[in-house]
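These notes concern the structure reproduced below.
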Amino acid sequence: MSDPRKDSNTDTQADAPREEGLSMSAGDAPQPGSLAVSPEELRKEASEAEAEYEAFVRSFDTDNLVGKIAYAVGIALALYHIWMSTFGRLDTLWLTGIHFAGFGFLCALRYPLYRAKTESGERIVLAIDMMIGAIVAIATLWLLYDVQDVFDRGRMQGHQTVLALIVMAGAIEFTRRATGLIIPVLILVALTYVVWWGPMVSGVLRFGGLSPDTLYFRSILADEGMFGSIALISATYVYLFIIFGAFLVRSGAGVFIVDLARAMAGRFVGGPGFVSVFASALTGTTSGSAVANTVSTGVITIPLMKRAGFPPRFAAAVESAASTGGMIMPPIMGAGAFVMATFTQISYLTIVAVSFLPAIVYFLSVAFFVRINAKKYNLQAIDDDAPTALEVLKKGGPSFLIPIFTLIGLLVAGYTPTYAAGFAIAACVVASWFTPNKMGPKAILDALAMGSTNMIMTAVLLVAVGLIINVVAMTGIGNTISLMIAQWSGNNLLIALLLIALASLVLGMGLPVTASYIVLATLSAPALHLLIQNNALIDAMVAGQIPEATRVIFSLVDPGAMTMLAEPISRDAALALVNSAPPEILSQTYTQVLDPHVITMALLSAHLIIFWLSLDSNVTPPVCITAFAAAAIAKTPPMRTGLEAWKVAKGLYLLPVLFAYTNFIGGEFWEVMHIFVIAVIGVYALGSAIEGHMEAPLNWPLRFVLFGFGVALLWPNTPIAEAIGAVGVISIIIWNYRTDWRMQREKKQARAAAAATSAA
């Protein structure tokens, strides 16, 4: 039997015991034509999957010594992090260091070095693993104890170098055990680039190299290193919300939330997925953090989607993609709106106003994937065993809303996600006292230990990823790629968009979204702004709206321009004229031809494009933190979850094209609404073509045709192609709905005939 963490057809299962009925096995999705499994089948599959997974990881059952040690360490870690995230004032470096030391030790206990075939071999491996975990933990704490001495000298020496090597090697090894080989290989490639093969590379990617001592120092202690910003994310709200989810499950609130959501959304095809999309959108309006959004709503929505029959990896991908959209949903926008207002000197209210409809299109694009997959796997439109809302509320339901309202209320009131999560955890305990499932000291300790166990993979991964992030920041390779955009794109706006998307992905491996946006905006926003202005200038030429003063200026470039621009010209001719004009000539024409509002909106469009593209690091491997957080909840392989989330979040790439080529940002009301409707139809067409399904399956020829119609809808400045695409997509939708209606009718007739035959 193969390791389920490496099996291409199996999703990794829960890392801790789970509430019955809250999750399903992580095998393949229900086959098309099958119905969603019943709760009884889910319990059976979950039990079987848990048993299969436990065959490859050590059990943390408290009946054995390993389980007792893990139980105690897990409780201690949880209490420590809760205190430090609410009332504590310990140094950040100590917080992240203890975070890694504790979870590194738990990882060594949970994931064996290798799977021994005999009982004596298992004992030997266990002893080795305990020794490895203890050595890495001690080395981490020892290095932190010496950190002031290291900072005073500005380098490591002697035993400190040895300790740093042990810590880095431990991070790589623990990540290999928990997630597979991809991330460890990337870490080794990045580290060797700094000290070995970077100087061997020619061209702009050449790096002069640093000494090993400098690499060790920065890898551990830099703000971008192992114990830097990403580790702090892991040690604060990711871990706190994972604990919050464990308390919800242990108190019974998790069951209540699932049942209430089933009662409200179970009557719709894909209803649980829609709950995830809507919840993430609403959470995003206040939190503005994709990871916090994922872990706060995902602890509820991901089990709900899995229970409805969605594949676990798809459930995690939907939550990740929807939570990423929280950073583009006004008013918070992940602090992006405030930074953007400073950069552009455009009012915050204007930025928020023009961002609302694009955010709605993005969330609809994710919802379309939910609906399409629900129909693709023929999930039940009506959950027959779903209780009514009244039945759910009669079971002490209102008490279970206390922790949810506490969390939301504190977030809305402006408290940090960690502070809100800490008090929401306490609210879970208090709320349980008003239900039959009262949480006492034992239940509280169980929930703390469960949260820590569920956090192991995510904790070691996010700390180890700091090794890659540090290299990106330390070598300046992200900035190098950004600077190449201006030279490579020329005057082609589409090429510039592609290059910025690539640069944002590289920078996203080393910087948080807001920081990535700041770097890209500083380097490329001026050039992108000019390209968008050039596109508006070309539109004016095509419309024949060039004043005489501007025609005189262009005649300096082309003597025939004076006559040519007196009337409308072709887009190709306008493009050639603009490309032939020097920048100093073009700069004189913008204010003569373009309305000041158009120039301002071109600047805002450039910044929104960069900000939207900066978000793709949340859902794009190899470093997709939001997808990793969702994978931790769904218990699925992080990299494969990231690839699935990347597919679901395709709107992140489509909408910036509309920002660049249309007046979606800052246009007249009816023009904006027209673009909005066309964009909604277009993204539905593209999503259906990618999945090969609408209400009924689509064959390959029809998928290609539908994809073409979708591209025609979203292709800018082509009214005829847009009309053809709209008519084509709507026609296919009507035909597909009729096909689905006919298939459903035939199935009902077949079931009726079978029932009649059986009765006879």
Side-chain angles (χ1 to χ4, degrees), residues 274 277-278 280-282 284-285 321-322 324-331 333 336-337 340 346 349-372 493 497 532 535-536 539 597-598 600-602 604-609 611-613 615 648-690 694 706-707 709-734:
F274 296 140
V277 175
F278 297 150
S280 294
L282 293 174
T285 61
T324 295
M327 298 192 71
I328 54 178
M329 174 60 76
M333 296 175 63
M340 206 175 298
I346 298 172
L349 292 179
T350 300
I351 295 172
V352 168
V354 302
S355 298
F356 181 71
L357 282 181
I360 295 299
V361 175
Y362 175 79
F363 280 107
L364 285 175
S365 72
V366 178
F368 289 152
F369 272 99
V370 172
R371 170 74 183 191
I372 290 166
L493 180 55
L497 292 177
I532 295 175
N535 192 62
D539 289 341
H597 176 75
V598 173
T600 300
M601 289 302 104
L604 180 54
S605 296
H607 280 264
L608 282 173
I609 288 169
F611 184 65
W612 274 61
L613 292 176
L615 294 173
V648 176
K650 279 295 179 286
L652 291 177
Y653 302 99
L654 297 177
L655 271 297
V657 175
L658 296 181
F659 298 164
Y661 286 99
T662 72
N663 290 328
F664 200 12
I665 301 299
E668 297 294 330
F669 175 78
W670 290 113
E671 183 182 18
V672 171
M673 292 306 298
H674 169 80
I675 298 171
F676 172 77
V677 172
I678 292 301
V680 170
I681 300 174
V683 296
Y684 178 65
L686 292 179
S688 299
I690 291 172
M694 281 182 164
L706 184 62
F707 188 86
F709 285 151
V711 171
L713 279 166
L714 297 173
W715 197 267
N717 302 312
T718 53
I720 296 177
E722 179 184 293
I724 294 173
V727 172
V729 172
I730 293 173
S731 299
I732 293 175
I733 290 174
I734 294 173

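Residue indices begin at 1 and follow the sequence shown.
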Report yes if some heavy atom in the side chain of [X] is under 4.5 Å from a heavy atom in the side chain of [Y]; otherwise report no.
| X | Y | answer |
| --- | --- | --- |
| Val711 | Leu686 | yes |
| Leu604 | Thr600 | no |
| Ile532 | Ile609 | yes |
| His607 | Ile351 | no |
| Ser355 | Leu608 | yes |
| Trp715 | Glu722 | no |
| Met694 | Leu706 | yes |

Compare every heavy atom of [Y] with every heavy atom of [X], then report the nearest pair and how far apart it is.
| X | Y | answer |
| --- | --- | --- |
| Ala721 | Ala712 | O-CB, 3.4 Å |
| Ala649 | Ala321 | CB-CB, 3.9 Å |
| Met327 | Phe611 | O-CE2, 3.3 Å |
| Leu714 | Ile678 | CD2-O, 4.4 Å |
| Leu497 | Leu613 | O-CD1, 4.0 Å |
| Ile665 | Pro358 | CD1-CG, 4.2 Å |

Mind checking the [atom1]-[atom2] spacing from [X] to [Y]? Nearest 0.5 Å is all I need.
| X | Y | atom1 | atom2 | answer |
| --- | --- | --- | --- | --- |
| Ser688 | Phe369 | OG | CZ | 8.5 Å |
| Thr350 | Met340 | OG1 | CE | 12.5 Å |
| Phe363 | Met329 | CZ | CE | 4.5 Å |

Under the criterion side-chain contact (heavy atoms from CB on, under 4.5 Å), which of Val727, Ile733, Ile732 is the partner of Val729?
Ile733

Exactly one candidate in Val680, Val277, Val683 meets side-chain contact (heavy atoms from CB on, under 4.5 Å) with Leu364; the answer is Val680

Side chain to side chain contact (heavy atoms under 4.5 Å, CB included), that's the test. Do Val361 and Leu655 meet it? Break it down for me.
CA-CA 8 Å; Val361 175; Leu655 271 297; 3.8 Å; yes

Please assess Leu658 against Leu654 for the test side chain to side chain contact (heavy atoms under 4.5 Å, CB included), listing each intermediate value before the final yes or no.
CA-CA 7 Å; Leu658 296 181; Leu654 297 177; over 6 Å; no

Could you go through the side chain to side chain contact (heavy atoms under 4.5 Å, CB included) check for Met673 and Leu357 one step at a time?
CA-CA 9 Å; Met673 292 306 298; Leu357 282 181; 3.9 Å; yes

Listed once per pair and sorted, the ring pair (Phe, Tyr, Trp, His ring centres under 6.0 Å) pairs that draw on residues 659-689, sequence neighbours left out:
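For residues 659-689, and leaving out neighbouring residues, the ring pair (Phe, Tyr, Trp, His ring centres under 6.0 Å) pairs sorted by first residue read Phe368-Tyr684, Trp612-Phe659.
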
List for me each residue that meets ring-ring contact (aromatic ring centres under 6.0 Å, His included) alongside Tyr362, sequence neighbours excluded, and say none if there are none.
none

Spell out, as yes or no, whether a donor-acceptor pair under 3.5 Å connects the side chain of Ser605 to the backbone of Met601.
yes

